[in-house]
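Working notes for the structure below.
Chain A is the first sequence line, chain B the second, and so forth, proteins listed ahead of strands; every chain is numbered from 1.
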2 protein chains.
Amino acid sequence: MQSFTEENYLKIIYHLAESSSNVQTNAIAEQMQTKPASVTDMIKKLAEKGYVDYVKYQGVTLTEKGKNAAIDIVRKHRLWEVFLVDKLNFKWDEVHDVAEELEHIKSETLIERLDEFLGFPKSDPHGDPIPDKNGRFAKTHFTKLIDLKVGDGGTITGVSQHSSAFLKLLEKLGLTLGKQIKINDVTDFDGSVEILVADKQINISREVAKHILISSNGKN
Amino acid sequence: MQSFTEENYLKIIYHLAESSSNVQTNAIAEQMQTKPASVTDMIKKLAEKGYVDYVKYQGVTLTEKGKNAAIDIVRKHRLWEVFLVDKLNFKWDEVHDVAEELEHIKSETLIERLDEFLGFPKSDPHGDPIPDKNGRFAKTHFTKLIDLKVGDGGTITGVSQHSSAFLKLLEKLGLTLGKQIKINDVTDFDGSVEILVADKQINISREVAKHILISSNGKN
DNA sequence: ATTTTTTTTTAGATTTACCTAAAAATAAAA
DNA sequence: TTTTATTTTTAGGTAAATCTAAAAAAAAAT
């Protein structure tokens, strides 16, 4: 199998590949908090081991093997997050760093039993889908709150930002998973959005609205 | 804090120190499955960081700081073992390797919450005491089964060998924690021990008897 | 179609934990 | 008390993952 570092690279490449098919060296470096030169080295190693396809100066794509390995890590990460929140009463903004460590524990039995213990959850505390043991999971197609029109409504079903600062803010604003919202107005000047949640009217910045994912349950 | 490797060294030195106050380089090497030369390197590093007192050619002893760090790892290891057995239905012979990885997860909150979730257990699945968050735990003074005399009885409260092979054997023989036993006879020829457990008479080798710990509840 | 900027790679070093082989210190045996 | 055996350390080297600085390729701008 792979080292912690290799696993982290695979996971990051996997996430970056969701938005652009060819993942760039610099993008990986930024996510890994390391230097592009180091990324080039690691990419070569991952290519040798058959986890990525790599053409010099053209970025990388995951092979089937690499994708499976990445999904496996994502599965572990998300299951551990559920454990921390459901069983150990962590808040959704406290789980990321610990899950980041737990995801590297290498025991298939452990993760299958954990999955069962948690009742085979389908999504993690941030609304992200949890792959099953075969790596399969429903493609979720949420709408970003920022893309809704005035009058549209829906349910908060995910976030695309896992930083503690962001999640704490949502918590404070009452914008947690499952909450119903409705777009009341979009401010011309700064693009901030006026929304109705739990009968209260609040205003959120574009930046915040970008990272809230809605499953729109109908226009009006 | 320390690296995984440093933590493993501290833990091993701590366990070795239970039987001999000055821990030898070779003994550490054997436990760490590495070479004495590597141990010398690491010992120097641990000494520099203040975890051990080290005099060339005289072996090491843990400092207060080193001892606390070691106990902290032992605490984590044993709590995770309880989790695996109590919550995920692992057998007592399946937990060691996984706990060996889990013990290195660095989050104080995690371990305090886990402790609470498990109901603040006092001992792990092998009968070893679990230090509390301040590193305190009852000094257990068990008798080795091998040291009992004919007619003595007691309760199995621990084992001093955690290998899967040994634990599986005990399981098969019905010699699990909490079982009452009584010494019926000691064979002159090979020193094997005839014991009564659950109304059945069985014979165990000296080697097995050495590693079963009894809290003797009275002679006869 | 050049020039400039950005991205990526190479080259050469560093750090951690390990190794082998040989030397030095200590302990055990004759 | 020498000799022998064991234990421990030193010296010098390797592999993994990183770094800086400089070179090379690709993309963007003029």
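Nearest to the side chain of B:Q58, among C:dT10, C:dT26, D:dT8, sits C:dT26. With D:dT8, C:dC19, C:dT8 as the choices, the nucleotide that has an atom nearest any side-chain atom of B:Y57 turns out to be D:dT8. You'll find that the side chain of B:T40 is closest to D:dT9, out of D:dT18, D:dT9, C:dC18.
Partners of A:E171 according to the salt bridge (Lys or Arg N to Asp or Glu O under 4.0 Å) rule, which considers only residues two or more places apart in sequence or in another chain, do not exist here. Judged as a salt bridge (Lys or Arg N to Asp or Glu O under 4.0 Å), and not counting sequence neighbours, A:E116 has no contacts. Applying the ring pair (Phe, Tyr, Trp, His ring centres under 6.0 Å) criterion to A:F4, with sequence neighbours excluded, gives A:H104, B:F4. Among residues two or more places apart in sequence or in another chain, the side chain to side chain contact (heavy atoms under 4.5 Å, CB included) test is passed with A:L177 by A:W92, A:I156. For A:Y54, there are no ring pair (Phe, Tyr, Trp, His ring centres under 6.0 Å) partners, not counting sequence neighbours. Considering only residues two or more places apart in sequence or on other chains, A:T187 meets the side chain to side chain contact (heavy atoms under 4.5 Å, CB included) condition with A:F189, A:D190, A:S192, A:N203. The ring pair (Phe, Tyr, Trp, His ring centres under 6.0 Å) search around A:F90 returns none, not counting sequence neighbours.
Aromatic ring orientation, A:F83 versus B:F83: tilted (interplanar angle from 30° to 60°).
If you measure from atom CG of A:N8 to atom P of D:dT18, you get 9 Å, rounded to the nearest angstrom. Rounded to whole angstrom, the span from the CG atom of A:N22 across to the P atom of C:dT8 amounts to 10 Å.
In terms of phosphate contacts, A:Y54 brings no side-chain nitrogen or oxygen within less than 4.0 Å of OP1 or OP2 of C:dT8. Checking the phosphate oxygens (OP1, OP2) of C:dT16, no side-chain nitrogen or oxygen of B:Y9 falls inside 4.0 Å. An OP1 or OP2 oxygen of D:dT10 is reached within less than 4.0 angstrom by a side-chain nitrogen or oxygen of B:K56. Distances shown here put a side-chain N or O of B:Q24 below 4.0 Å from the OP1 or OP2 atom of D:dT8.
For residues 112-145 of chain A, the pairs satisfying ring pair (Phe, Tyr, Trp, His ring centres under 6.0 Å) are A:H126-A:H162, with sequence neighbours left out.
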Using the 3.5 Å cut-off, write out each protein N or O paired with an N or O of nucleotides 2-6 of chain C and the distance between them.
none

Practice task
Could you encode protein contacts along nucleotides 11-16 of chain D as a string, one character per nucleotide from 5' to 3', using B for base contact, S for sugar-phosphate-only contact and - for no contact, with a heavy-atom cut-off of under 4.0 Å?
Solution key: -----S
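Classification of B:E81 and B:K76 as a salt-bridged pair fails, no side-chain N sitting under 4.0 Å from a carboxylate O.
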Ignoring hydrogens and angles, write down the donor-acceptor pairs under 3.5 Å from the side chains of residues 11-39 of chain B, residues two or more places apart or on other chains.
from, atom 1, to, atom 2, distance (Å)
B:K11, NZ, B:E100, OE1, 3.4
B:K11, NZ, B:E100, OE2, 2.8
B:K11, NZ, B:E103, OE1, 3.4
B:K11, NZ, B:E103, OE2, 2.8
B:S19, OG, B:L16, O, 3.3
B:N22, ND2, B:Q58, O, 2.4

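Of all the residues in residues 27-36 of chain B, B:P36 reach under 4.0 Å from DNA chain D with at least one non-hydrogen atom.
Nucleic acid contact class of B:S38 (heavy atoms, under 4.0 Å, all strands): base.
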